[in-house]
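See structure below.
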Amino acid sequence: MTVQPEVQDQYEAYPYPSRNPADEQKRLITGSPSNLAELNHYLFAGKRDFSKPFRALVAGGGTGDATIMLAQQLADASEDGKGQAGQVTYLDLSSASRTIVEARAKERGLNNITFLSGSLLDLPSLGLEPFDYIDCCGVLHHLTSPEQGLQALTSVLKEDGGMGIMVYGEYGREGVYPMQDLLRSLSKDCSGLAEKVKLARRLLEKLPPTNSFNRNSFVIDHKASDAELVDLLLHSCDRAYTVPQVADLVASSGLELAAFVEPIRYKIDTYVKDAKLLQHAKALAPIEQAAVAEKLASNIKLHVFYLSHQKNTIADLSQAEKVIPVFREMQPDVIAESLKKTSSLKSNLDGIPLNLPLPRLSAAIAKRCNGKKSLSEIFTELKELDTRLEWDKFLQQFKEFYTVFNDLNHLLLRYEDN
């Protein structure tokens, strides 16, 4: 099995995304999927102990954002702070991209990464031990057969393992594909990618205001660097997905769709409050509801989702007294301070403003969600401040608080005693 030669040539000439290894001294790039707290919540019911051996594959790793994030977080979670040898396996067909990832790992002193060159389509024949987790972001939609790619990934996934996937969303990329077609027409006589990049830059400066790409103010990747422009507008193999098409892709692998991230984007009542409309919408199957929400929003550029062999893999509050709430990236003290001044959380989903009501104890709860305290410990602390507080009333307020922050993928759950 092979990939198109043009795709490999592109990533050799323009490793993606553009990264400077020296920047590792200043920051760690994190995101979805593959943040450890996040994948634990969605794939392992919050019960995975990352101080123990955990094998992760980053398939089509590019210049290494997911590889570095996973390797660093697994190192931090290990008892010696270094992680297990070979804990993260990086696989990519671009030698230029691999060189950048290796340099980034060296800057961080990470020794828990195995580097492999090749295509994810070759995974069934590489003789690798199965993985607990597989990250595959921005790759399947660049294959001539995404279904074959997902099947190749599934072949090296453990029975109790899971995947984090990202593919393009169709509606949020309005204007991208007409622009790709336009550039193909205009660049037929260009001698190579570098000349096509110059032509594209020139065209982007001259677009009329009515142009669909020009009107999509939320697609801005091309402004970051030439590598981002090439990946967005000059790719030789590129497609996008609607929710039903994602469901069909998942079904082709035999895996279960655990969750979309952020969940709030795929809920109809995020966009519609009319009771009659919601009555009709709620009668639909869950995937159909997500499809309606996607059409209502019409701004989802990427679909990020988790897959598993198993059903019901998301952490829940069935053992509420033992659960440990953890913010994915937010700082508890910072969010708690901001919530003292308001009874709602304001957010924005790519042009869609949100004003989400919060319960009375939100600031006090947020301050104590440090990833270490269980819900029963948080309750005990709050009861010392207000002896009239009862567990049932507290739990109801936490559920309201959790729903808001989890829908935005900010707050997750884990269990310490496995």
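Residues: numbered from 1 along the sequence shown.
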Inset, instruction - Answer with yes or no whether the side chains of T30 and E329 bring together a donor and an acceptor at under 3.5 Å. - result: yes
Inset, instruction - Spell out, as yes or no, whether a donor-acceptor pair under 3.5 Å connects the side chain of R19 to the backbone of I100. - result: no
Inset, instruction - Evaluate salt bridge (Lys or Arg N to Asp or Glu O under 4.0 Å) for E102 paired with K106, printing each intermediate quantity in order. - result: CA-CA 6 Å; E102 290 179 328; K106 185 176 181 180; over 6 Å; no
Legend entry - Side chain to side chain, L39 and P33, heavy atoms closer than 4.5 Å: no
Legend entry - S78 (side chain) donor-acceptor with G83 (main chain) under 3.5 angstrom: yes
Legend entry - Pairwise distance CD(Q289) to CG(L278) - rounded to 0.5 angstrom: 9.5 Å
Legend entry - N312, CG atom: more than 12 neighbouring heavy atoms under 6.0 Å: no
Inset, instruction - Look at atom CZ of R202 and say whether more than 12 heavy atoms of other residues, nucleotides or ligands are closer to it than 6.0 Å. - result: no
Legend entry - Heavy-atom neighbours of K273 NZ exceed 12 at 6.0 Å: yes
Legend entry - Donor-acceptor side-chain pairing of Q84 and N112 below 3.5 angstrom: no
Legend entry - Listed partners of D238 passing salt bridge (charged side-chain N to carboxylate O under 4.0 Å, His left out), at least two apart: R173
Enumerate, atom names and distances included, each donor-acceptor pair closer than 3.5 Å involving a side-chain atom of residues 246-267, sequence neighbours excluded.
unit_1, atom_1, unit_2, atom_2, d
S252, OG, L249, O, 2.5
S253, OG, V250, O, 2.6
S253, OG, L255, N, 3.2
E262, OE1, R265, NE, 2.6
R265, NH1, D350, OD2, 3.4
R265, NH2, D350, OD2, 3.3
Y266, OH, H303, ND1, 2.8
K267, NZ, D407, OD1, 2.8
K267, NZ, D407, OD2, 3.1

Inset, instruction - Look at atom CD of E129 and say whether more than 12 heavy atoms of other residues, nucleotides or ligands are closer to it than 6.0 Å. - result: no
Legend entry - Side-chain donor-acceptor pair present, R55, Q87, cut-off under 3.5 Å: no
Legend entry - Closest heavy-atom pair and its distance - Y11, S97: O-OG, 3.9 Å
Legend entry - Check: Y14 ring centroid to H235 ring centroid under 6.0 Å: no
Inset, instruction - Using modelled atom types only, decide if a donor and an acceptor are shared between the side chain of R414 and the backbone of G371 within a distance under 3.5 Å. - result: yes
Inset, instruction - Could you walk me through whether R48 and D132 pass the side-chain contact (heavy atoms from CB on, under 4.5 Å) test, one step at a time? - result: CA-CA 11 Å; R48 190 75 196 211; D132 298 287; 3.4 Å; yes
Legend entry - For the student: nearest non-hydrogen atoms of L234 and Q10, plus distance: O-OE1, 4.2 Å
Inset, instruction - Please name all residues satisfying salt bridge (charged side-chain N to carboxylate O under 4.0 Å, His left out) with E337, sequence neighbours left out, ordered by chain then number. - result: K340
Legend entry - Closest contact, heavy atoms only, L408 versus S347: CD2-OG, 4.0 Å
Inset, instruction - Determine yes or no for a side-chain-to-main-chain donor-acceptor pair under 3.5 angstrom, with N216 supplying the side chain and G172 the backbone. - result: yes
Legend entry - K295 NZ to I268 CD1 distance, which is reported to the nearest 0.5 Å: 11.0 Å
Legend entry - Evaluation steps, side chain to side chain donor-acceptor pair (under 3.5 Å), between S95 and E12: CA-CA 7 Å; S95 59; E12 290 293 353; 2.9 Å; yes
Inset, instruction - Could you grab the distance from atom CG of L143 to atom CZ of R239, nearest 0.5 Å is fine? - result: 11.0 Å
Legend entry - Mutual orientation of the aromatic rings belonging to Y402 and H41 [parallel < 30°, tilted 30-60°, perpendicular > 60°]: tilted
Legend entry - From CD1 (I378) to CD1 (I365), nearest 0.5 Å: 7.5 Å
Legend entry - Flag, side chain of T67 to backbone of G61, donor-acceptor distance under 3.5 Å: no
Legend entry - Electrostatic pair D333-K367, nearest N-O below 4.0 angstrom: no
Inset, instruction - Evaluate the side-chain contact (heavy atoms from CB on, under 4.5 Å) criterion for residues L375 and F394: first the C-alpha distance (whole Å), next the side-chain angles of each, then the deciding distance (0.1 Å), finally the verdict. - result: CA-CA 10 Å; L375 212 53; F394 163 75; 3.8 Å; yes
Legend entry - CA sep, side-chain torsions, deciding dist, call: Y90, R98, side-chain contact (heavy atoms from CB on, under 4.5 Å): CA-CA 8 Å; Y90 165 95; R98 174 174 168 171; 3.9 Å; yes
Inset, instruction - Could you check V139, I134, L307 and say which one makes a side-chain contact (heavy atoms from CB on, under 4.5 Å) with L153? - result: I134
Inset, instruction - Mark yes or no for whether D269, through its side chain, and V272, through its backbone, hold a donor-acceptor pair below 3.5 Å. - result: no
Legend entry - Aromatic centroids of Y42 and F305 separated by under 6.0 Å: no
Inset, instruction - Without swapping roles, check the side chain of E195 against the backbone of S191 for a donor-acceptor pair under 3.5 Å. - result: yes
Legend entry - Point-to-point distance, once rounded to the nearest 0.5 Å, from CE of M166 to SG of C137: 5.5 Å
Inset, instruction - Specify the closest pair of heavy atoms between L207 and N214, including all atoms of both residues, with the distance to one decimal. - result: O-ND2, 3.6 Å
Legend entry - Test log, rule salt bridge (Lys or Arg N to Asp or Glu O under 4.0 Å), inputs D221 and K301: CA-CA 11 Å; D221 311 46; K301 298 178 294 184; 5.4 Å; no
Inset, instruction - Answer yes or no: does atom NZ of K372 have more than 12 heavy-atom neighbours from other residues, nucleotides or ligands under 6.0 Å? - result: no
Legend entry - Any P208 side-chain heavy atom under 4.5 Å of T210 side chain: yes
Inset, instruction - Kindly compute the distance separating OH (Y415) from OG (S374), expressed to the nearest 0.5 Å. - result: 10.5 Å
Legend entry - Any side-chain donor near an acceptor of the partner, D92 and S94, under 3.5 Å: no
Inset, instruction - Would you please say whether a donor-acceptor pair under 3.5 Å links the side chains of Q396 and E400? - result: yes
Inset, instruction - Take the angle between the ring planes of Y133 and F54 and call it parallel below 30°, perpendicular above 60°, tilted in between. - result: parallel
Inset, instruction - Work out which heavy atom in P332 is nearest to a heavy atom in I335; give both atom names and the distance. - result: O-CG2, 3.2 Å
Inset, instruction - Taking atom NZ of K373 as the centre, report whether more than 12 heavy atoms of other residues, nucleotides or ligands fall under 6.0 Å from it. - result: yes
Inset, instruction - Decide side-chain contact (heavy atoms from CB on, under 4.5 Å) for F213 and V176; before the verdict, give the C-alpha distance in whole Å, the side-chain angles of both, and the deciding distance to 0.1 Å. - result: CA-CA 6 Å; F213 181 78; V176 170; 4.1 Å; yes
Inset, instruction - Taking N348 for its side chain and G351 for its backbone only, find out whether a donor-acceptor pair lies under 3.5 Å. - result: yes
Inset, instruction - Determine yes or no for a side-chain-to-main-chain donor-acceptor pair under 3.5 angstrom, with Q25 supplying the side chain and A22 the backbone. - result: no
Legend entry - Heavy-atom side-chain proximity of V156 to P130 below 4.5 angstrom: no
Legend entry - Y16 backbone acceptor or donor facing D231 side chain under 3.5 Å: no
Inset, instruction - May I ask you to test the F405-L345 pair for a side-chain heavy-atom distance under 4.5 Å? - result: yes
Inset, instruction - Please name the pair of heavy atoms, one in P15 and one in A227, separated by the smallest distance, quoted to 0.1 Å. - result: O-CB, 3.4 Å
